[in-house]
Structures are given as structure tokens and as C-alpha cells.
Amino acid sequence: MGDDKNQVESITNMEDDFAKWYTDVVLKADLIGYTTVKGCMAIKPYGYAIWENIMHELDRRFKATGVQNVSMPLFIPESLLQKEKDHVEGFAPEVAFVTHGGAEQLQERLCVRPTSETLFCDFYAKDISSYRDLPRLYNQWCSVVRWEKTTRPFLRSREFLWQEGHTAHATADEAIDRTLTMLNVYAEFCEEVLAIPVIKGEKTEKEKFAGAVSTYTIEAMMHDGKALQSGTSHYFGDGFAKAFEILFTDRDNIQKNVHQTSWGMSTRIIGAVIMTHGDNRGLKLPPEIAPIQVMIVPIRQEKEEVQGAVSLLKERLEKIVRTDVDLTDKSPGYKYSEQEMRGIPLRLEIGPKDVEKGQVLLVRRDTQEKIAVEMAEVETRVINILKDIQENMYISAKKNREEHTYSVEAYEDFKQLFDNNNCFVRAKWCGCKECEEKIKEELSVSSRCMPFDEQNSIDGECIYCGKKAKYMVIWGKAY
RNA sequence: CGGAGUGUGGCUCAGUUUGGUAGAGCGCAGCGUUCGGGACGCUGAGGUCGCAGGUUCAAAUCCUGUCACUCCGACCA
């Protein structure tokens, strides 16, 4: 692999300081810039292109399940936010308000939306009157504001981009179905497109969304062993519908409240991609969302035969993958490092020697493997290698998670695991809030979720109090 | 919001202890030589030292206040 000593000297090693490594990568991979407003980041073209690919792929999957896109207001009158008690209590501490219009003070303060349940509810109350109007399967792509105290690019910013889906249904069963359908969409998206393995499960009472009956989540493990909640889907029952008087006349001519759901995924998922796949050379993007999948690096680009080969290759590759050519006057070595920093999955080197031999050199970002390929086979090899990179990244991420996941029965063992490292630990729980809070207090470990496929025939004792256990829970330190 | 740290050209920082009118490396621009793992030479542009007060003949440096950013905790997507 050659001599590494002069390379990537400017980013922190992830083993030395993972948090510092993360911000170094975010900045050096050219994803964002800081702005003069604390916690509000400027997403640069390369970072936004990643988000565009994420949006495109998610949107396609939403629409395949019948979802339609809409746009709701940015502002929520304070009285509207107050209507659902749990909801307002959950969000009040981090809401930003508009108090003036020009020089005049407003009669009622307007919240800048931290999430739009109340706006959708207000709208649905007017828009729905019959069972024939149901279900409503709406989604919006927008930004929301939460006045966070400490902020980090993508992971916790005061304004962030996301999508929020809000649905209304005639029956509880149908709403629960929708909640789980969307959770599955998120899970498949993470695994197939982002190459991030996730655990699907239900949040505990303590961790669930403000105003929800139940919250479902997908949890991913980052390279440092910490957990990142990567997408959530909430079932609301008819709680919001009662607070906002969303009524419809059913087939039996009786007025009923709708049953609702909401579900969201944000630009935080870009943080998950960075922290799941990245290494000490920088970002590592799964081919499915990489804005540039193949970067062609000409060597001796002033030579005519190289130029000819480059434009031919570009023309051929552009038809099948997202391709770009680095024609800057940097040295080849510099270009290699820079493109590795930016996470470009595959590099294609072409110089006078290659032209002579009728071949090119492909270099994989994930393994650094160098592969000489006949000119005639470039398309098929590129396609196959990109596919292999995508799979390999998923496998590595899953391996990392499995290596840092444990199952324990005794609190002593539980404690020791978290004393020594960040990890996921499977441990049984009695279901009471006190135990959960004590664990969090003592070890700063939270319940990540109760995984769906592990709740059958639970026996044995709660990890904390020793009483009869009711649930299997995945515990971990979280972002 | 609690703890710690940092603000000096685009970036990383020196200079602050002991006040005397601003430096380096990288980057940037031009020209030339280079080009298979972060090339080199020459020339050049660029800073009212985070902001506001104060002390002083004189402040990047001392005092007060304030703002921002980073990291570690508590909370969220």
C-alpha cells in the first residue's frame, strides 16, 4: 500500500479523537461550511448533492407506497402548538419564536416549526370530513428549527433539512400498519442504499416521541460503537385527533376521530454515513449515493494520447455511472488523496503507459485495491466493482456492529462492558421507568430500542432490579 | 444549561508573561519546469489582531463586558 507517512496528515486519527476526526472530515470533504449563525450550517454543493441523492431515493420509495408531497407553513401560532399537552411539553424548551412583523409586535407569537404535527392536524381538521377522504398520506421536504444548546454539523444543528410524513387513517390498525410500513422503508433504504445495517424496534415509554402512543426506530452503530437513531416512525392513536377535533363520518354514519402517524428522516443520516463508513483517509461513500461514483485521473494530461483516451472513457462511462474527470493542475498524488478524502468510491487512473497497453487502472476506495482493466472491459468491470463496494461496505459495517454487541445477564457484567468501551448490549428489562432512569444515571447509557424480533418468550430477570423481565432491550451510548 | 478550551490574512498557528505600531508555513494569483501516491522555482496579492468600552504618550499584548466557535457532560432527528 506504499508509504503512508505524508498522507492525510491534516485530519485527526479516528482512534485518537473520534469527535475531532468527524469534524475534520465534514470540513475537509467539502460537505459544509460554518456560517455566522450558530448551529446553522451552509451545506456546500458536494454535501448537498449527497442529500439530493438521498432525497431522490427516499422520495421514490415513499411514493411507491402511495405517499404524496405537500408543503405546510413555516410558522405555527403559539396557541396551535399548545393544543396537545405532551407534544408542547416535549418541544417547548427548544422552540424559536417570531415576535415582530417589521416594527410591530405580533398579537400572537409565531413558533418557527420544530416539527409540523400541529400544522398537519390543523389542516386535516378542515380538510377531512368523510371516510372517503381517508387515508391521507402526506409528506413534506422542508427544514425545521430546534434551538439546540450545543451543535454539531449534521448531527445536531439548529436548523436541519428533513422530510416529515403525516398520515391520517380511519382505523387504528391501518395507522399502525402505516407506521410499520414506513419504518421498513427507512430500514431498507439504510441497508440497501446507505449500506448501514440497522436494528428495528420500539422505543421505551421514556424515549418515545412527545405525544405519541408508540415510537418505532431504526438504530445504527457508528464506527466508535455509539448508537445513532437514524429514523423514526410514530403511531399517535387518536390523541392528536381529539385535541385538534379531526373528525370524519364513517360508513355507519357515526362521527369518529382519525388515527394518525408521523415519520421522519433528516440530514443527520449524512452524519451516520460519515461515522459508519469513514476511515483515516476521510469520507467513504456508498456508491448508491456518491455524487461522483468514478473519478478519472489523467496522468500527463497534457499529452494528446492521454486526452483522447480520457474523453473517450468519460463519454463511455457517463452513460452508465456518475463520472467526473479531475483536470486540475495538481499532481496525481494530491488528486488521489483529495478524492479519497471526499469518499469517491472508484478512481480510474489513465496515463501514457496505460494508453500504450490498452488498459486503465481502477482503485477502490473501500479496500485500496488496484485493478488493471482492459479498455474494452471498463464498463462491465466498473459496474461490478461498484456493486461489490456497496456490498462490502455493508458487510464491514455489520461486522463492526456484531463485534461490539454483547448479551449479558448480570448488572456487574453490564457495567463493566460500558466502563471499557462503547457498544450495544442486549439485556432484559422489567419495563419500569425507575430501572431505566437509574441505568442512565449511573452509566450514561440509554435504552436504544426493544428489537421486534427478540420479544418472544422472555424469561429471566431484569438487568437492574432482578424482578421478572418483560422485554429484551438494546442498550448503548447515543449521539 | 454546567465544565474546559480557543478567537491574529482563506487555513494552521507564533507573537501576549515583560505594552513600542504584525510574522511564519500552507493556501491563493501570474510565469516556467513538472506529473504512475499529497512536485518545485521565481514574482505577487492579502490582516484596523472576534466585537464594544476602559487604562496609557502608545494596546494583538493590561482591565471590564460581550459574542462566536470547538470539545466533554444533560436533551433531541
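To find a chain, count down the sequence lines: A is the first, B the second, and so on, and within it residues start at 1. Values reported hereafter were calculated over all heavy atoms of this structure, with side chains retained and with hydrogens, waters and symmetry mates removed.
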I need the CG-C1' distance between A:L348 and B:G37, as an integer number of Å. 16 Å
From CG of A:D329 across to P of B:C40 the rounded distance in Å is 14 Å
In whole angstrom, give the distance that lies between atom CG of A:D16 and atom C1' of B:U70. 17 Å
Taking pairs as Watson-Crick (N1-N3 plus N6-O4 or O6-N4) or G-U wobble (N1-O2 and O6-N3), each distance under 3.5 Å, the stems of three or more consecutive pairs with RNA chain B are B:1-7 with B:67-73, B:10-13 with B:23-26, B:28-33 with B:39-44, B:50-54 with B:62-66
Taking the C1' atom of each, how far is B:U16 from B:G23, in whole Å? 14 Å
Sorted by chain and residue number, the salt bridge (Lys or Arg N to Asp or Glu O under 4.0 Å) partners of A:D388 (sequence neighbours excluded) come out as A:R364
5' priority, RNA chain B, between A:P153 and A:E302 [closest heavy atom]: A:E302
Would one find a side-chain N or O of A:K330 under 4.0 angstrom from OP1 or OP2 of B:C28? yes
Whole-angstrom distance between B:U64 and B:A74, as gauged at atom P: 33 Å
Mind checking what makes side-chain contact (heavy atoms from CB on, under 4.5 Å) contact with A:I176, not counting sequence neighbours? A:L180, A:Y235
In whole angstroms, how far is the P atom of B:G36 from the CG atom of A:D354? 13 Å
Heavy atoms under 4.0 Å, any strand shown: does A:V363 hit a base, just sugar-phosphate, or nothing? base
Whole Å only: how far is the NZ atom of A:K353 from the P atom of B:G37? 8 Å
All side-chain contact (heavy atoms from CB on, under 4.5 Å) counterparts of A:A195, not counting sequence neighbours: A:H277, A:P286, A:Q390, A:M393, A:Y394
Nearest-Å distance once atom P is located in both B:C51 and B:U56: 23 Å
Partners meeting side-chain contact (heavy atoms from CB on, under 4.5 Å) with A:E52 (sequence neighbours left out): A:Y48, A:A49, A:M55
B:C26 and B:U21: how far apart are their C1' atoms, nearest whole angstrom? 27 Å
Report the distance from atom CG of A:L361 to atom C1' of B:C35, rounded to the nearest whole Å. 16 Å
Is the charged tip of A:R268 near the ring of A:F154: under 6.0 Å from the six-membered ring centre and within 45° of its axis? no
Classify the angle between the aromatic ring planes of A:F209 and A:H87 as parallel (below 30°), tilted (30 to 60°) or perpendicular (above 60°). tilted
Does the ring of A:F75 carry A:R113 above it, NZ/CZ under 6.0 angstrom from centre and within 45° of its axis? no
In B/S/- notation (B base, S sugar-phosphate only, - none; protein heavy atoms under 4.0 Å), nucleotides 72-77 of chain B written 5' to 3' is BBBBBB
Touch check for A:P114, heavy atoms < 4.0 angstrom, all strands: base, sugar-phosphate only, or nothing? nothing
Please tell me if A:S331 has a side-chain N or O lying less than 4.0 Å from either OP1 or OP2 of B:A39. yes
If we ignore angles and hydrogens, is there a donor and acceptor under 3.5 Å between the side chains of A:Y464 and A:E442? yes
Taking atom types as they are modelled, is there a donor-acceptor pair under 3.5 Å from the base of B:G37 to the side chain of A:Q339? no
When rounded to whole Å, the CD to P distance for the pair A:E369 and B:G37 reads 18 Å
On RNA chain B, does the nearest nucleotide to A:T151 precede the nearest nucleotide to A:P352 from the 5' side, or the other way round? Give the residue. A:P352
Tell me: OH of A:Y334 to C1' of B:G38, nearest whole Å? 7 Å
Say you pick atom C1' in B:C71 and the same atom in B:U34; how far apart are they, in whole Å? 42 Å
A:V306 and A:Q301 have their tightest heavy-atom pair at CG1-CA, 4.2 Å
Report which part of the nucleic acid A:G39 touches: base, sugar-phosphate, or nothing (heavy-atom distance under 4.0 Å, all strands). sugar-phosphate
Please determine, by modelled atom types, if A:D24 and A:T12 share a side-chain donor-acceptor pair under 3.5 angstrom. yes
What interatomic distance, in whole Å, is found between C1' of B:U6 and the corresponding atom of B:C11? 15 Å
Quantified in whole Å, what is the C1' atom distance between nucleotide B:G2 and nucleotide B:G19? 36 Å
Quiz item: cation-pi between A:K226 and A:Y479, 6.0 Å / 45°: yes
May I ask you to verify whether the side chain of A:R281 and the base of B:G38 hold a donor-acceptor pair under 3.5 Å? no
With rounding to the closest Å, how many angstrom separate the C1' atoms on B:C63 and B:G10? 33 Å
